Amino acid sequence: MQLQQEAAAYTQGKQTQFNEALSEHLKPLIMYLDDNLHDSKELQDIKYHLLMAKLLCRHSSEVHGIK
């Protein structure tokens, strides 16, 4: 039982680390876009699609795990 708990904790830790790193890498990109593009429908669409990509990455890591 202990081994299963350790494995689950390890997997959860890797997913948390992945999700935090993903967010940290996307923040500068979003800031760069905000600084260099006019506030427009296109910019809002870009940010929406980046959010969708982030959510799909999280989902994929939950379903298939992390390398």
Side-chain angles (χ1 to χ4, degrees):
M1 206 57 153
Q2 179 73 14
L3 187 59
Q4 290 175 341
Q5 291 173 341
E6 287 180 26
Y10 177 78
T11 302
Q12 182 65 32
K14 289 221 22 146
Q15 285 181 346
T16 300
Q17 181 183 21
F18 174 78
N19 291 334
E20 289 174 358
L22 184 62
S23 293
E24 288 301 312
H25 282 81
L26 282 174
K27 282 180 189 177
L29 175 58
I30 292 170
M31 287 175 48
Y32 181 79
L33 294 171
D34 284 336
D35 290 345
N36 292 286
L37 295 176
H38 292 285
D39 191 21
S40 64
K41 170 99 170 78
E42 289 82 3
L43 178 59
Q44 297 307 315
D45 287 346
I46 291 166
K47 290 163 81 173
Y48 172 79
H49 287 290
L50 287 172
L51 175 62
M52 289 299 106
K54 177 181 171 182
L55 293 175
L56 282 171
C57 288
R58 283 181 161 194
H59 177 71
S60 178
S61 73
E62 290 171 3
V63 172
H64 302 291
I66 298 172
K67 288 184 178 182

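Both backbone and side-chain heavy atoms feed into the values below; hydrogens, waters and symmetry mates do not. Please read these numbers as outputs of a predicted model, since none were measured by experiment.
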task: Could you list the residues that satisfy side chain to side chain contact (heavy atoms under 4.5 Å, CB included) with Met31, not counting sequence neighbours?
output: none
- prompt: What pairs with Thr11 under side-chain hydrogen bond (donor to acceptor under 3.5 Å, both in side chains), at least two apart in sequence or on another chain?
  reply: none
message: Are the side chains of Lys54 and Asn19 in contact, using a 4.5 Å heavy-atom criterion?
response: no
Using atom types as modelled, flag every donor-acceptor pair under 3.5 Å from a side chain in residues 59-67 to any protein atom, sequence neighbours excluded.
{"unit_1": "Ser61", "atom_1": "OG", "unit_2": "Arg58", "atom_2": "O", "d": "2.8"}

task: Report yes or no: do Phe18 and Leu29 belong to one cluster of Ile/Leu/Val/Met/Phe/Trp/Tyr joined by side chain heavy-atom distances under 4.5 Å?
output: yes
message: Count I, L, V, M, F, W, Y as connected when their side-chain heavy atoms are under 4.5 Å apart, and connections chain through other members. Are Leu50 and Leu37 then in the same cluster?
response: yes
task: To the nearest 0.5 angstrom, please state how far the CD atom of Glu42 sits from the CG atom of Leu33.
output: 13.0 Å
- request: For Gln5 and Gln2, run side chain to side chain contact (heavy atoms under 4.5 Å, CB included): C-alpha distance rounded to whole Å, both residues' side-chain angles, the deciding distance at 0.1 Å, then the answer.
  value: CA-CA 5 Å; Gln5 291 173 341; Gln2 179 73 14; 3.5 Å; yes
query: Is there a path from Ile30 to Leu22 through hydrophobic residues (I, L, V, M, F, W, Y) whose side chains come within less than 4.5 Å of each other?
result: yes
Side-chain touch Ser23/Leu26, heavy atoms, less than 4.5 angstrom: no
